[in-house]
Amino acid sequence: MILYPHFDVNEKGHLTIGGADAVELAERFGTPAYIIDENVVRARCREYLTAAAESFGKDALPLYASKALCFTEMYRIAKEEGMGIDCVSSGELYTARRAEFPAERIYFHGNNKTDADIALAMDMGVGRIVVDNTDELDAVSAEALRRGITQGILLRITPGIDPHTHRAVVTGNVDSKFGSAIATGQALEIVQRAINASGVELVGLHCHIGSQIFDIEPFSDAADIMVRFIAEIKEKLGCEIRELNLGGGLGVAYTEDDAQISYADSIAKIGKIVRSFCSEHNITAPRVILEPGRSLVAAAGATLYTVGSVKEITGFRNYISVDGGMPDNPRYALYQSQYTALIANRASEARDYVATLAGRCCESGDLLGENMKIQRAKRGDILAVLVTGAYNYSMASNYNRIPRPPVILVKDGEARVAVKRESFEDIVRNDI
Ligand SMILES: *Cc1c(COP(=O)(O)O)cnc(C)c1O
């Protein structure tokens with residue numbers, strides 16, 4: 001096992017992903033290629049569903065934050081598992097519709113929904129629109145009125161928490177493009193406006209404090225602030241908030257240095273905390289919703305590349321160049337995100353070489369990692385970067401007119417294409 005049980009080494013010394021030989025996958029589907037172990041995705045869905053039902057009751061609905069990894073088959077998997085989904089654009093809504101995802105289980109997010117976005121969401125009949133601000137509230141209300149419907153909404157609230165300081169910093173995240181802040185009074189104002197608005201029914205509140213969070217404290221701080229706010233709404237405006245969506249953000253281990261947390265335990269703790277705050281403030285516990293993205297799909301994925309040039313710069317460092325890079329994984333360039341890499345055709349050898357993994361773009365920042373521990377590499381080797389299921393394919397670009405890799409789903413050792421490799425013809429499709 002390497003990092004997770006679904007990454008292993010077979011008798012040939014090859015990396016296996018969900019029981020499939022990574023070298024054979026590379027031969028069959030070409031490189032670069034995203035490989036996703038479907039069983040891992042499904043198991044994570046079930047972990048969230050079971051824990052949410054235990055902690056929040058039978059009507060609990062964990063939502064898959066689909067921006068993490070979005071394609072038609074992924075929505076079909078979420079549908080089959082009984083998850084709800086969170087969509088953030090018309091493109092995601094369109095894809096979910098193509099997968100015949102039940103609209104009532106869709107929560108539509110985004111800090112700047114266009115009129116066309118709102119219209120598509122209402123055409124589809126999405127269960128909830130998560131309204132970000134007063135301009136949007138007015139637009140949603142007007143469109144619902146025009147259609148003669150009542151749209152269930154949540155309001156996005158900024159609780160003012162910096163998840164990485166482990167404490168509520170009440171002014172911390174107030175300065176954000178997302179939501180309305182409690183600290184400035186704007187949150188209470190938008191709640192009042194929503195209560196009075198026609199065409200919308202204020203069902204609940206939403207907050208999302210960040211990503212890659214390994215501790216319960218930020219969620220506990222958020223729950224504390226949100227439950228106090230719900231109590232304030234009840235007291236001042238006489239309105240009962242029935243849904244509390246605490247967002248996503250639970251962390252994932254990308255390297256051996258990262259902690260691996262139990263999502264079931266985390267959910268149980270969050271449930272307990274919410275219930276105790278509610279009884280403290282004497283309010284009926286709302287339906288609690290969680291919106292995991294990364295923790296459902298990141299670990300399930302790996303990206304396979306072919307090694308090209310290997311360059312040792314005497315007195316400086318070693319570069320291993322691969323046939324992909326920032327177009328298929330922009331996360332190192334954007335956030336210096338750390339990954340685990342290995343040579344898939346010699347996976348049992350020690351990772352005792354240190355190298356910088358370079359992509360193929362004309363951009364010196366096009367790296368997949370620096371000073372990474374890996375096996376000594378040579379041209380033609382298959383190189384795997386692990387834990388690339390989240391925010392890789394969904395963030396991929398065609399920079400340098402590089403076609404995007406395919407997404408291959410592996411299940412019990414069998415592989416199938418979920419998204420085809422882009423062709424050069426695809427790249428010029430819209431060129432006049
Ligand atoms: C990105 C996002 C999520 C998912 O975050 P993860 O860190 O991937 O779990 C959930 N909710 C909202 C509103 C988001 O923007």
Side-chain angles (χ1 to χ4, degrees), residues 2-4 7 15 17 22 26 31-36 65 67-70 163-164 210-214 248-249 251-260 293-295 297-313 316-344 351 353-377 381-407:
I2 305 164
L3 215 52
Y4 293 95
F7 297 130
L15 169 70
I17 304 166
T31 60
Y34 300 109
I35 315 294
I36 305 287
K67 71 175 193 278
L69 179 66
C70 174
H164 300 291
S211 212
Q212 261 314 62
I213 305 169
F214 289 90
V252 167
Y254 284 88
T255 70
E256 279 122 2
D257 298 332
D258 295 334
Q260 296 207 11
R294 187 192 309 275
S295 52
V297 294
T303 309
L304 301 180
Y305 302 96
T306 300
V307 172
S309 316
V310 179
K311 192 182 286 185
E312 298 190 345
I313 308 178
F316 294 90
R317 53 183 169 167
N318 307 325
Y319 284 90
I320 299 174
S321 291
V322 295
D323 57 351
M326 64 185 278
D328 62 79
N329 182 359
R331 293 189 67 252
Y332 188 79
L334 282 172
Y335 318 114
Q336 287 73 58
S337 307
Q338 301 298 307
Y339 282 100
T340 301
L342 57 116
I343 300 299
R351 287 156 56 210
Y353 187 69
V354 175
T356 288
L357 293 192
R360 59 187 293 199
C361 290
C362 293
E363 184 81 32
S364 49
D366 171 24
L367 304 175
L368 293 169
E370 290 176 271
N371 303 317
M372 296 173 84
K373 277 189 297 178
I374 191 165
Q375 293 87 350
R376 201 169 274 277
D381 278 340
I382 302 301
L383 187 148
V385 175
L386 307 184
V387 198
T388 56
Y391 306 112
N392 274 236
Y393 172 69
S394 65
M395 288 186 138
S397 77
N398 289 124
Y399 184 50
N400 286 187
R401 295 235 133 177
I402 293 173
R404 271 172 289 207
V407 179

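Of all the heavy atoms in A299 and F7, the pair that sits closest is O-CZ, 3.4 Å. Closest heavy-atom contact between P32 and G324: CG-CA, 4.1 Å. Nearest approach of A22 to I17, heavy atoms of both residues: CB-CD1, 4.1 Å. The heavy-atom pair separating A253 from D258 by the smallest distance is CA-CB, 3.5 Å. Nearest approach of A341 to L383, heavy atoms of both residues: CB-CD2, 4.4 Å. Taking both residues in full, the closest heavy atoms of A68 and G293 are given as CB-C, 3.8 Å, listed atom of the first, atom of the second, then distance.
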Margin query: side chain to side chain contact (heavy atoms under 4.5 Å, CB included) for R360 and V322? Distances and angles first, verdict last.
Written below: CA-CA 7 Å; R360 59 187 293 199; V322 295; over 6 Å; no
Next item on the list: Would you sort out whether V310 and Y353 count as a side chain to side chain contact (heavy atoms under 4.5 Å, CB included), showing the intermediate values?
Entry: CA-CA 12 Å; V310 179; Y353 187 69; 4.3 Å; yes
Check: Taking it one step at a time, do S321 and K311 satisfy side chain to side chain contact (heavy atoms under 4.5 Å, CB included)?
Finding: CA-CA 8 Å; S321 291; K311 192 182 286 185; over 6 Å; no
Next item on the list: For side chain to side chain contact (heavy atoms under 4.5 Å, CB included), just list the numbers for L342 and I2, CA-CA rounded to whole Å, side-chain angles, deciding distance to a tenth of an Å, and then say yes or no.
Entry: CA-CA 10 Å; L342 57 116; I2 305 164; 4.1 Å; yes
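Looking at E312 and Y319, their side chains never come closer than 4.5 Å, going by heavy atoms from C-beta outward. Counting heavy atoms from C-beta outward, R351 and T340 have side chains that approach closer than 4.5 Å. Looking at heavy atoms from C-beta onward, N400 lies in side-chain contact with C362 at the 4.5 angstrom threshold. Looking at C361 and P327, their side chains come closer than 4.5 Å, going by heavy atoms from C-beta outward. Contact annotation: the side chain of K67 approaches that of Y391 to within less than 4.5 Å [non-hydrogen atoms, C-beta and beyond]. Residues V407 and I35 fail the side-chain proximity criterion, which asks for heavy atoms closer than 4.5 Å. You'll find the side chain of N392 reaches within 4.5 Å of the side chain of Y34, heavy atoms only. Taking 4.5 Å as the limit, some side-chain heavy atom of N371 sits within range of a side-chain heavy atom of R317.
Atom CG of residue N318 and atom CE of residue M372 lie 13.5 Å apart, to the nearest 0.5 angstrom. Note that CD of Q212 is 8.0 Å distant from OG of S337, once rounded to the nearest 0.5 Å. Rounded to the nearest 0.5 Å, atoms CG (L3) and CG (L386) are 6.5 Å apart. Summarising the geometry, atom CG belonging to D381 is positioned 12.0 Å from atom CZ belonging to R376; distances are rounded to the nearest 0.5 Å. E256 contributes atom CD, which lies 12.5 Å from atom CD of Q338 (distance to the nearest 0.5 angstrom).
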Result block: side-chain N/O donor-acceptor pairs under 3.5 angstrom for residues 300-307, not counting sequence neighbours:
{"residue": "T303", "atom": "OG1", "partner": "T388", "partner atom": "OG1", "Å": "2.8"}
{"residue": "Y305", "atom": "OH", "partner": "D328", "partner atom": "OD1", "Å": "2.5"}
{"residue": "T306", "atom": "OG1", "partner": "T31", "partner atom": "OG1", "Å": "2.6"}

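The list of salt bridge (Lys or Arg N to Asp or Glu O under 4.0 Å) pairs with a residue in residues 388-405, not counting sequence neighbours, reads R401-D431, R404-E422.
Every residue two or more places apart in sequence or in another chain was checked for a salt bridge (charged side-chain N to carboxylate O under 4.0 Å, His left out) with E363, and none qualifies.
Applying side-chain contact (heavy atoms from CB on, under 4.5 Å) to L357 and the options N329, D366, L367, I320 leaves one that passes, I320.
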